[in-house]
S.K.: 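First the structure, which I've put down as structure tokens, then a few questions once you've had a look.
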Amino acid sequence: MLKALKTVLALSLIGLCGCAYAQIRYEPKIDNTAKKLWSVNDSKVQCDLINDIPGYGTATFRTYSGKSRKTSLSIHPRLGITENSSMRFIATRPEWQSGGAEQLLGRIKLYSGFDAWAGPTVSWKVLNALSQGLQIYMPYTNSTIASGQNIIPSMSPLGFKPQYEKYLDCQQRLLQVSYTDVQMLPVVFKFQKDELTGRSLERLKTQLEYLKEDKAVDHITIRAFAYDMTSKDDNVNLARKRSDTLKKYYSDAGFKDDMIEVKEFNSLTLPNYAEDEPADESPQARNGLVTLSRDSAKVNRDLEASVPDVGAGTGE
């Protein structure tokens with residue numbers, strides 16, 4: 001019975017491929033080893049759900065941090081993609097179940113020298129199908145590696161759900177900011193104090209949380225201002241205290257002194273006003289600015305890259 005089901009499935013896949021080639025299929029054995037082929041790598045800036053496809057390579061679902069979560073699916077064959085072609089994503093019942101029609105979730109173009117890559121729409125269609133216990137087949141042709149044959153890697157639902165839950169939990173913990181969101185951080189101090197307002201403190205904590213994850217940041221520049229006192233000297237002294245307050249946050253976070261630059265606030269930067277003028281209570285008069293710089297050689301460019309919706313609209 002099982003052999004007959006395999007034959008029927010094979011014929012269906014050939015039909016979806018649009019060709020009468022033979023097949024080279026990559027799929028796990030139906031035993032406990034298959035449950036160990038799914039794994040998760042997580043952090044607060046990136047979540048990976050990885051499937052090891054025996055004899056073929058890996059498939060990686062990846063979601064990045066930021067205001068809008070970006071998800072993609074990349075397929076990494078050990079032998080690489082050596083010619084232009086196309087790959088289809090087909091959902092069907094696994095071999096140990098009977099009945100059910102195949103569904104084309106989408107298709108993408110393959111390019112020589114590059115891994116297969118799909119955008120958010122196809123990624124979430126595939127994840128949803130796997131969560132429903134369906135098997136995913138990804139047929140394509142490559143005459144260089146497999147002349148006259150279809151290459152069909154697959155993702156099995158065995159062992160998927162526990163790791164999928166971890167992947168979803170990781171996404172809930174992703175930071176809602178990226179480097180561009182925290183690169184320049186304006187803050188506001190309380191009137192005539194070196195204490196941040198509640199909103200500014202929360203924004204600073206968010207930036208510090210991001211800095212724990214981005215090891216490319218190698219320089220922090222702090223500027224603090226004070227126009228809310230009644231004399232220039234008092235303004236200079238308060239601005240210096242505010243700078244020290246900000247610097248302590250970064251020192252406590254593990255940044256060394258040589259990585260923190262404080263732009264001194266002095267009487268030359270103060271507006272000209274009479275000593276008896278009232279203090280300026282506006283937020284602009286008691287603000288500060290923190291700017292970040294990074295070592296370009298250590299930057300993970302993927303975190304800032306756009307994620308085009310490759311494969312969207314190509315399913316049935």
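Side chains are part of it too, since the values below use all heavy atoms of this structure and drop only hydrogens, waters and symmetry mates.
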S.K.: Kindly say whether Pro308 contributes a backbone atom to a donor-acceptor pair with the side chain of Ser306 at under 3.5 angstrom?
M.R.: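 Judged by distance alone, no pair lies under 3.5 Å.
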S.K.: Check whether Asp234 reaches the backbone of Ser231 with its side chain - one donor and one acceptor, N or O, closer than 3.5 Å.
M.R.: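 Not at all, since once roles are kept as given, no pair shorter than 3.5 Å links the two residues.
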S.K.: Using only atom types and a distance under 3.5 Å, with no angle test, would you say the side chain of Asn142 pairs donor to acceptor with the backbone of Ile145?
M.R.: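 The answer is yes, because a donor-acceptor pair under 3.5 Å joins these two groups.
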S.K.: Test side-chain hydrogen bond (donor to acceptor under 3.5 Å, both in side chains) on Tyr250 and Gln207; report intermediate values, then the result.
M.R.: CA-CA 10 Å; Tyr250 296 95; Gln207 187 201 58; 2.5 Å; yes
S.K.: Between Arg62 and Asp48, does the salt bridge (Lys or Arg N to Asp or Glu O under 4.0 Å) criterion hold? Intermediate values first, please.
M.R.: CA-CA 5 Å; Arg62 176 166 293 167; Asp48 289 347; 2.7 Å; yes
S.K.: Between the side chains of Thr71 and Thr63, is a donor N or O closer than 3.5 angstrom to an acceptor N or O?
M.R.: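 A pair is found: one side chain offers a donor N or O, the other an acceptor, under 3.5 Å apart.
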S.K.: Apply salt bridge (Lys or Arg N to Asp or Glu O under 4.0 Å) to residues Lys44 and Glu213 and explain how you reach the verdict.
M.R.: CA-CA 7 Å; Lys44 289 191 175 182; Glu213 306 296 330; 5.7 Å; no
S.K.: Taking the six-membered ring of Tyr64 (Phe, Tyr or Trp), confirm whether the NZ or CZ of Arg69 is under 6.0 Å from its centre and within 45° of its axis.
M.R.: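 Arg69 over Tyr64 ring: no.
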S.K.: Look at atom CE of Met184 and say whether more than 12 heavy atoms of other residues, nucleotides or ligands are closer to it than 6.0 Å.
M.R.: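 Incorrect, the count does not exceed 12.
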S.K.: Got a sec: does the CZ of Arg199 have more than 12 other heavy atoms crowding it under 6.0 Å?
M.R.: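 Counting other residues, nucleotides and ligands, CZ of Arg199 stays at 12 neighbours or fewer.
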S.K.: Is it the case that the side chain of Arg93 and the backbone of Glu102 share a donor-acceptor pair, with hydrogens and angles ignored and the cut-off at 3.5 Å?
M.R.: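 No; zero donor-acceptor contacts below 3.5 Å.
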S.K.: Give the C-alpha distance, both sets of side-chain angles, the deciding distance and a yes or no for salt bridge (Lys or Arg N to Asp or Glu O under 4.0 Å) between Arg240 and Asp233.
M.R.: CA-CA 11 Å; Arg240 187 169 291 118; Asp233 288 341; over 6 Å; no
S.K.: Would you please say whether a donor-acceptor pair under 3.5 Å links the side chains of Thr121 and Asp309?
M.R.: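 Side chains of Thr121 and Asp309: pair found under 3.5 Å.
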S.K.: I'd like to know if the side chain of Thr291 pairs up with that of Gln183 as donor and acceptor (distance under 3.5 Å, no hydrogens or angles considered).
M.R.: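 There is no such pair (donor and acceptor under 3.5 Å, judged by atom type) between the side chains of Thr291 and Gln183.
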S.K.: With a 3.5 Å cut-off and no angle check, do the side chains of Asp169 and Gln171 form a donor-acceptor pair?
M.R.: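 No pair is found: no donor N or O on one side chain lies under 3.5 Å from an acceptor on the other.
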S.K.: Looking only at the side chains, is there a donor atom on one of Arg88 and Tyr137 sitting less than 3.5 Å from an acceptor on the other?
M.R.: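 Not at all, the side chains of Arg88 and Tyr137 share no donor-acceptor pair under 3.5 Å.
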S.K.: Establish, from distance only, whether the side-chain atoms of Tyr210 and Ser65 form a donor-acceptor pair under 3.5 Å.
M.R.: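 No.
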S.K.: Between Arg294 and Asp218, does any NZ, NE, NH1 or NH2 come within less than 4.0 Å of an OD or OE carboxylate oxygen?
M.R.: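 Here Asp218 does not pair with Arg294 in a salt bridge, since their nearest N and O are not under 4.0 Å apart.
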